[in-house]
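These notes are about the structure you will find just below.
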Amino acid sequence: MLLDVSNLTVAYEKNKQPTVENINFSLKSGEILSIVGESGSGKTTVIRAIMGCLPSSGKVIAGKIIFEKRDLLTFNKKDWLNIRGKNMTMIFQDSGNMLNQVLPIGKQFIEYLRMHDNLTKEEAYFFAVEMLTRMNLPNPDNIMKSYPFELSGGMRQRVGIAMAMIFRPELLLADEPTSALDVTTQAQIVKELMFIPRSCGTAMIVVTHNIGVATYMSDKIMVMSKGKIIEYGKTKDIINSPKAEYTKALFASVPQIGGKRYV
Ligand SMILES: Nc1ncnc2c1ncn2[C@@H]1O[C@H](COP(=O)(O)OP(=O)(O)OP(=O)(O)O)[C@@H](O)[C@H]1O
């Protein structure tokens, strides 16, 4: 097992009710898990806890997070520096927005690579272009010369994903990775994200509001409401026989076209 989360409980302030409680799930290499649920149900809190980047008021107050047989809750700053970015990375709604707007993408990509690895500038350039090509970015040499603001939202997101994937991490955490994009671009990026586990063996946890996206792309689904797991299991089992009323309501909210439900 790559990741094993047991009884994870997080509270934002001391002595307050936990925000997420008793979260249990596991993930194998190359698997995709989607976490769905309404706004405020605790989805982001779960993945931030795994990545060790809860806001300072947030604390894991119970549970275990075992990643590659190591207990992440015992990690110090140096341990985190060694695995974040390399073994485990995160992408956001608009990861491209996190790039420095006044530096060309190539310069930032090369610096990022050389910060983590002992590469020459030429080697770093080669790896960056290779990863941009894998993310279906046309003319990657031109992208390397461009400033982030010169690219569309979809292209910027692809650059963000390329940077996150450059060290072929074992685990990629994606927080609403497509929700800032138009529907057509969303569909393309969902397909590209689905290719990552197959081509790199990376496991993924995708946080999304969209149960349609979740069922389309993932092997397993976890449905959350009010900080708790309402339902968790294989995607096909959940589609065929959702148990919780809440999950049934989520499916019922997906539009139908010509009598066919698109999940
Ligand atoms: N820094 C913080 N301090 C205090 N409470 C917080 C903090 N961050 C989040 N919360 C609270 O924790 C709860 C869960 O938030 P979280 O962002 O994990 O939910 P979510 O399901 O990801 O929501 P969304 O889909 O809107 O992103 C919310 O009630 C939120 O107000």
Side-chain angles (χ1 to χ4, degrees), residues 3 5-25 27 32-65 67 72-73 80 84 88-98 153 157 160-161 164 171-183 186 189-190 193 203-218 220-233 235 238 242 244-254 263:
L3 177 73
V5 175
S6 50
N7 299 324
L8 176 68
T9 301
V10 179
Y12 276 106
E13 277 161 62
K14 246 186 166 177
N15 306 325
K16 279 262 170 83
Q17 266 303 98
T19 292
V20 301
E21 221 173 337
N22 270 328
I23 303 296
N24 291 287
F25 69 89
L27 204 60
I32 305 183
L33 165 78
S34 287
I35 308 182
V36 289
E38 82 261 358
S39 186
S41 56
K43 308 179 294 293
T44 300
T45 302
V46 170
I47 59 169
R48 279 187 172 267
I50 295 168
M51 190 79 187
C53 62
L54 285 166
S56 58
S57 59
K59 293 269 170 317
V60 174
I61 55 172
K64 274 198 170 149
I65 306 175
F67 175 68
L72 297 184
L73 298 178
W80 277 116
R84 253 197 230 121
M88 186 191 283
T89 49
M90 193 155 166
I91 52 172
F92 302 88
Q93 263 194 26
D94 187 352
S95 295
N97 234 354
M98 297 169 80
Q157 188 64 327
I161 299 170
L171 179 63
L172 176 68
L173 305 170
D175 197 353
E176 299 278 0
T178 60
S179 56
L181 306 167
D182 65 82
V183 178
Q186 274 190 18
I189 296 215
V190 161
L193 281 173
M204 275 170 52
I205 303 179
V206 183
V207 163
T208 174
H209 281 102
N210 189 329
I211 185 107
V213 167
T215 49
Y216 180 68
M217 71 184 294
S218 42
K220 288 181 184 171
I221 293 186
M222 183 165 110
V223 183
M224 287 186 73
S225 175
K226 300 189 178 74
K228 299 212 168 79
I229 297 180
I230 299 288
E231 192 147 2
Y232 165 63
T235 303
I238 292 187
E245 288 306 316
Y246 183 76
T247 317
K248 290 179 192 163
L250 279 179
F251 282 126
S253 67
V254 176
V263 293

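One-based numbering along the sequence shown. One-based numbering, in listed order, for ligands and for the atoms of each. These values consider heavy atoms only, across backbone and side chains, with no hydrogens, waters or symmetry-generated copies.
- Protein heavy atom in closest approach to atom 1 (N) of ligand 1: Pro55 CG, 3.4 Å.
- Annotation: atom 18 (O) of ligand 1 to nearest protein heavy atom, Thr45 OG1, 2.5 Å.
- At a 4.0 Å cut-off, not a single heavy atom of Met224 sits close enough to ligand 1 to count as contact.
- In this structure, atom 14 (C) of ligand 1 has a protein heavy-atom contact shorter than 4.0 Å.
- Heavy atoms of Ser57 found under 4.0 angstrom from ligand 1 belong exclusively to the side chain.
- In this structure, the protein non-hydrogen atom closest to atom 25 (O) of ligand 1 is Lys43 NZ, 2.8 Å.
- Among protein heavy atoms, the minimum distance from atom 17 (O) of ligand 1 is reached at Thr44 CB, 3.7 Å.
- Looking only at side-chain heavy atoms (C-beta outward), Ile189 and Pro177 stay at 4.5 Å or farther from each other.
- Trp80 is not listed as a side-chain neighbour of Cys53, based on a closest heavy-atom distance of 4.5 Å or more.
- The contact set between ligand 1 and His209, taken as ligand atoms under 4.0 Å from a residue heavy atom, comprises 25 (O).
- Of all protein heavy atoms, the one lying nearest to atom 12 (O) of ligand 1 is Thr19 CG2, 3.2 Å.
- Of the protein's heavy atoms, Ser39 OG, 2.5 Å lies nearest to atom 26 (O) of ligand 1.
- The nearest pair of heavy atoms linking Ile238 to Gly233 is CD1-N, 3.5 Å.
- Residue-ligand proximity: Glu38 is placed with a non-hydrogen atom under 4.0 Å from ligand 1.
- Nearest heavy-atom pair across Leu27 and Ala203 is CD2-CB, 3.9 Å.
- Other residues, nucleotides and ligands place no more than 12 heavy atoms under 6.0 Å from the NZ atom of Lys226.
- If you check which protein heavy atom lies closest to atom 29 (O) of ligand 1, you get Gly40 O, 4.1 Å.
- With hydrogens left out, the protein atom closest to atom 10 (N) of ligand 1 is Tyr12 CE1, 3.4 Å, a heavy atom.
- Backbone and side-chain nitrogen or oxygen atoms of Gly42 are examined, and one is located within less than 3.5 angstrom of a nitrogen or oxygen of ligand 1.
- The minimum heavy-atom distance linking Ile23 with Val5 is given by the pair O-CG1, 3.6 Å.
- Using a 4.0 angstrom heavy-atom cutoff, Ser41 counts as in contact with ligand 1.
- Of all heavy-atom pairs between Val20 and Ser41, the closest is CG1-O, 4.4 Å.
- No part of Arg48 comes within 4.0 Å of ligand 1, judged by heavy-atom distances.
- When every heavy atom of Val36 is checked against every heavy atom of Asn210, the shortest pair comes out as CG1-O, 4.3 Å.
- For the residue pair Ile32 and Ser218, the shortest heavy atom distance occurs at O-CB, 3.3 Å.
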| task | Given side chain to side chain donor-acceptor pair (under 3.5 Å), test Tyr246 with Glu38 step by step and report yes or no. | result | CA-CA 10 Å; Tyr246 183 76; Glu38 82 261 358; 2.3 Å; yes
